Amino acid sequence: MKAFFIQIKCELGKAYEVARAISDAELASEVYSTAGEFDLLAKFYIEDGGDVGHFVNEKIQILPGIRDTRTIVTFRAF
């Protein structure tokens with residue numbers, strides 16, 4: 001399994017709805033509220049060889065209330 005993170009910028013007033021939608025769909029292992037440019041930070045896992053771009057495009061960016069995302073791909077756990 002490969003871990004990656006997505007920072008999510010939500011429409012104004014929609015952060016709780018977006019976090020709940022991600023949690024209810026059981027897409028992320030963890031979802032956090034954050035301060036700053038993005039509203040949420042979520043941790044995801046994908047099968048080795050899976051396509052992160054397709055996952056983000058087809059599972060996350062389609063959720064109502066999301067304005068922007070930034071994907072952080074990880075490559076080594078210590």
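Along the sequence shown, the residues carry numbers beginning at 1. Since this is a predicted model, take the numbers as computed values, not measurements.
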Spacing of CD1 belonging to I22 relative to CD belonging to E30, to within rounding of 0.5 Å: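 Rounded to the nearest 0.5 Å, the CD1-CD separation comes to 13.0 Å.
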Between CG on residue N57 and NZ on residue K59, distance to nearest 0.5 Å: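 Here the interatomic distance stands at 11.5 Å.
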Short side-chain donor-acceptor distance under 3.5 Å, T34 and Q7: no
Are [X] and [Y] in one and the same hydrophobic cluster, where Ile, Leu, Val, Met, Phe, Trp and Tyr link if side-chain heavy atoms are under 4.5 Å apart?
X   : Y   : value
V52 : I6  : yes
F5  : I60 : no
L63 : F55 : yes
V31 : V56 : yes

Donor-acceptor under 3.5 Å (D39 side chain, C10 main chain):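 Yes; judged by distance alone, with no hydrogens or angles, the pair exists.
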Backbone N/O of I8 and side chain of T69: donor-acceptor pair under 3.5 Å: no
Ion pair check, E17 and K14, cut-off under 4.0 Å: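 Salt bridge flag = yes for K14 with E17.
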Side-chain heavy atoms of F38 within contact of R70, under 4.5 Å: yes
Note, I66 side chain near K9 side chain (heavy atom, < 4.5 Å):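 Result no, sub-4.5 Å side-chain heavy-atom pair not found.
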Atom CD of E26 with >12 non-hydrogen neighbours under 6.0 angstrom: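 No, not enclosed.
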I62 atom CD1, neighbour heavy-atom count above 12 within 6.0 Å: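 Above 12, so yes.
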Plane angle bin for F4 and F44 - parallel if under 30°, tilted between 30 and 60°, otherwise perpendicular: parallel
Heavy-atom closest pair, residues P64 and V18: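 Looks like O-CG2, 3.5 Å.
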